[in-house]
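The structure appears right after this line, and notes come after that.
What you see is a predicted model; the values in this text were computed from it and never measured.
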Amino acid sequence: MIQRTGPMNLFSDIRTLVVSEIEAMMAAGDLPAGLDLAAVAVEPPRDASHGDMATNAAMVLAKPAGLPPRAIAEKLAARLGADSRIAAVDIAGPGFLNMALVPSVWAGLLVAALKSGDDFGRATLGQGIKVNVEFVSANPTGPMHVGHVRGAVFGDALARLLAFAGYNVTREYYINDGGAQVDVLARSVYNRYLEAHDLTVDWPEGSYPGDYLIEVGEDLKAKVGDIWLDEPESVWLEEVRNFATDKMMEQIRGDLALLGVQMDVYSSEKALYGTGQIEAAINTLREMGLIYEGTLEPPKGKLPDDWEAREQTLFRSTAHGDDVDRPVKKSDGGWTYFAPDIAYHYNKVQRGFDQLIDIFGADHGGYVKRMKAAVSALSGGRVPLDIKLIQLVKLWKNGEPFKMSKRAGTFVTLRDVVEQVGPDVTRFVMLTRKNDAALDFDFDKVMEQSKDNPVFYVQYANARINSVLRKAREMGVAVDDATLAAADVAQLTHPAEIAMAKKIAEWPRLVEIAARGNEPHRVAFYLYELASDLNGLWSKAKEDTSLRFIQDDPATTQAKIALARATGVVISAGLAILGVTPVEEMR
RNA sequence: GGGCCCAUAGCUCAACUGGAUAGAGCAGCCGACUUCUAAUCGGCAGGUUGAGGGUUCGAUUCCUUCUGGGCCCGCCA
């Protein structure tokens with residue numbers, strides 16, 4: 001439980017006030033009883049001249065209450081004005097209530113930030129809610145490439161964000177080790193094993209001839225010697241498959257670790273086979289009347305060459321919002337990929353998660369509706385599944401698009417990127433775009449330590465803050481958080497200082513908004529704005545030296561530095577959500 | 001043919017989930033370094049939010065039609 005040391009989310013505090021005053025108006029007969037207040041919002045106004053906070057209450061209540069918005073606004077304004085935190089209330093535009101807060105509110109907020117430290121902004125939104133975030137889930141057939149990086153960073157940042165918002169988060173990786181592609185992997189590794197014994201081999205179409213398996217073949221030789229050299233596939237396939245997927249997963253874990261991504265649970269597709277779990281999940285659907293033998297309509301438009309009508313085992317996903325029913329069995333009697341995935345999601349539901357989040361590449365967009373249908377059916381509608389699709393990353397190098405090709409040797413692995421660019425820059429840049437918009441990753445720009453590169457901009461602001469703290473300490477001024485929290489921050493009255501405090505005040509609200517929408521990119525954008533405010537304040541202080549953080553008088557210095565340090569607290573909390581290490585110094 | 005996603009300043013993108021006069025960065029122009037760190041800051045200019053229609057006090061946001069781009073479309077995963 002987080003100890004509340006003062007105001008955390010000022011916006012929700014004021015919204016609580018607005019709601020309680022509306023309820024009082026209903027009780028007093030000024031408004032009809034039983035109004036739905038869900039649409040009542042308290043937000044920062046776009047234009048600072050409109051005050052500190054605005055509410056749309058009068059407008060959204062006007063119609064259901066059958067009263068003109070102004071009449072509601074006037075009575076509500078009078079009530080709000082009586083609160084000690086509110087200095088003035090204006091009615092503006094079509095019925096907005098604009099509120100100005102008393103200066104001591106901002107002072108109190110800074111104190112709260114300093115006392116809470118890295119916990120400042122931690123929310124209770126997800127209190128008691130177990131959420132599972134499944135991400136990456138790359139096939140264990142090779143090293144991770146750049147295309148995987150964005151999904152990995154997004155999923156990890158989302159998990160950190162949700163944890164910060166109070167959710168009980170599990171990060172999970174679904175290993176696709178049950179399909180034909182791991183048999184292909186095994187045969188490719190067997191080839192490398194033969195080569196390790198100086199034998200010549202053929203590489204059939206569709207195998208994995210990548211160099212990364214050479215070492216695996218040698219490891220296999222070191223482990224089993226020559227016992228499988230003249231044996232048929234039936235003898236070695238399963239063991240080689242297990243050996244190879246273990247090696248690949250080892251490599252993938254290492255790749256993820258380079259990026260600073262740590263999974264809580266690795267679930268195996270293969271492990272679902274033979275346990276009855278797939279059968280149980282399908283039977284559960286069958287008992288609901290959602291599994292049947294039938295024939296699908298051919299897809300409209302051009303048909304696949306080999307299309308022929310065929311009766312198959314289908315999941316009635318249309319009963320839960322899908323466009324067509326989906327096959328769960330192949331013609332050879334084996335399960336489709338969908339079937340174990342149904343079982344896997346059923347397993348997540350049974351483990352007691354209240355919410356599921358899947359992070360897929362955009363090329364899996366066609367899979368979304370059927371997966372949601374399955375979870376909806378198997379959880380009886382209890383567990384929402386949100387699927388975030390991660391759009392393409394376009395690589396740029398030397399000012400032109402950089403095409404990845406295994407054959408041309410321009411295949412870019414995750415390791416290549418992280419070793420060249422570093423995990424911090426990689427992560428930040430990958431989070432500067434909404435997940436559903438394509439992202440340009442320009443090697444030249446991200447390597448450049450310029451303002452084109454937002455991560456350096458944010459880091460620079462943080463370095464400046466630390467520089468001030470360092471200097472103050474050298475001067476013998478105490479600037480530990482406890483001392484700063486007790487400083488006389490009420491003397492920070494300059495508009496630029498107040499503006500800085502207001503920006504800090506938005507942090508807890510931003511965390512909730514970002515968490516509610518599963519949108520970690522909002523944190524990156526907010527940090528950029530916060531850094532911009534700090535840099536602006538810094539420059540103003542060149543002309544107006546009274547704005548400098550370090551002053552002659554220690555008490556004044558402490559008050560000023562309290563503001564700087566509170567900004568630094570938010571920057572490091574925000575960077576922690578993005579998984580980026582704050583730098584103390586840039587020279 | 002159908003489904004999903006995208007379209008906002010010359011370029012790259014935001015816009016607090018329906019709020020007030022749509023904001024940043026880059027590029028362009030003008031200006032600020034005897035500095036608490038210029039990897040920075042201030043200013044100017046830049047818009048029919050792809051197009052049309054609808055819903056309402058109010059639309060970049062929701063619905064609909066169209067245009068253009070991406071992804072996907074029964075026994076691959």
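Rounded to whole Å, the separation between the P atoms of G50(B) and A9(B) comes to 8 Å.
Looking at Arg509(A), its side chain comes within 3.5 Å of the base of C16(B) through a donor and an acceptor atom. One N or O donor and one acceptor, one from the side chain of Asn98(A) and one from the base of A20(B), sit under 3.5 Å apart.
Using a 4.0 Å cut-off, some side-chain N or O of Lys434(A) falls inside it from OP1 or OP2 of A14(B).
Using a 4.0 Å heavy-atom cutoff across all strands shown, Arg433(A) reaches sugar-phosphate atoms only and no base atom. Note on Val368(A): nothing from the nucleic acid sits closer than 4.0 angstrom, heavy atoms only. Residue Lys471(A) is classed as a sugar-phosphate contact, given heavy-atom separations below 4.0 Å to backbone atoms only. Residue contacts for Phe338(A): at a heavy-atom cut-off of 4.0 Å it reaches no nucleic acid atom on any strand shown. Among the atoms of the strands shown, only primed sugar atoms or phosphate atoms (P, OP1, OP2) are found under 4.0 Å from some heavy atom of His521(A).
With its glycosidic angle within 90° of 0, U17(B) is assigned syn.
Pairing analysis of RNA chain B (Watson-Crick: purine N1 to pyrimidine N3 plus N6-O4 or O6-N4; G-U wobble: N1-O2 and O6-N3; both under 3.5 Å) yields stems of 3 or more pairs at B:1-7 with B:67-73, B:10-13 with B:23-26, B:28-32 with B:40-44, B:50-54 with B:62-66.
No cation-pi contact links Arg326(A) to Phe315(A), judged by a cut-off of 6.0 Å to the six-membered ring centre and 45° from its axis. No cation-pi contact links Lys560(A) to Phe549(A), judged by a cut-off of 6.0 Å to the six-membered ring centre and 45° from its axis.
A distance of 6.0 Å or more separates the ring centres of Tyr174(A) and Tyr266(A). Annotation: Tyr526(A) is not in aromatic contact with Tyr528(A) [ring centroid separation under 6.0 Å not met].
Applying side-chain hydrogen bond (donor to acceptor under 3.5 Å, both in side chains) to Asp358(A) and the options His364(A), His345(A), Lys388(A) leaves one that passes, His345(A).
Looking at the side chain of Pro94(A), the nearest of the listed nucleotides A20(B), C5(B), G19(B) is G19(B). When distances are taken from the side chain of Phe456(A) to each of A20(B), U40(B), A39(B), the shortest belongs to A39(B).
Closest-nucleotide positions on RNA chain B for Glu529(A) and Asn535(A) were compared, and the one nearer the 5' end corresponds to Glu529(A). Summary of the strand contacts: Gly178(A) and Glu311(A) both lie near RNA chain B, and taking for each the nucleotide with the nearest heavy atom, the more 5' one is attributed to Glu311(A).
The stacking criteria are not both satisfied for Tyr457(A) over the base of A39(B), which would need a centre-to-centre distance under 5.5 angstrom and an angle between ring planes under 30 degrees.
Between the CD atom of Glu43(A) and the C1' atom of U61(B) there is a distance of 13 Å, rounded to whole Å. Rounding to whole angstrom units, CG of residue Asn176(A) and P of A77(B) are separated by 9 Å. The separation between Tyr460(A) atom OH and C41(B) atom P is 9 Å, rounded to whole Å. Rounded to whole angstrom, the span from the CG atom of Leu537(A) across to the C1' atom of G42(B) amounts to 14 Å.
Below 30°, between 30° and 60°, or above 60°: for His145(A) and His148(A) the angle between ring planes is between 30° and 60°, a tilted geometry.
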- Item | Step-by-step side chain to side chain contact (heavy atoms under 4.5 Å, CB included) determination, Gln181(A) to Leu185(A) | CA-CA 6 Å; Gln181(A) 83 281 0; Leu185(A) 172 74; over 6 Å; no
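Shortest non-hydrogen contact noted between Ala562(A) and Val489(A) is CB-CG1, 3.7 Å.
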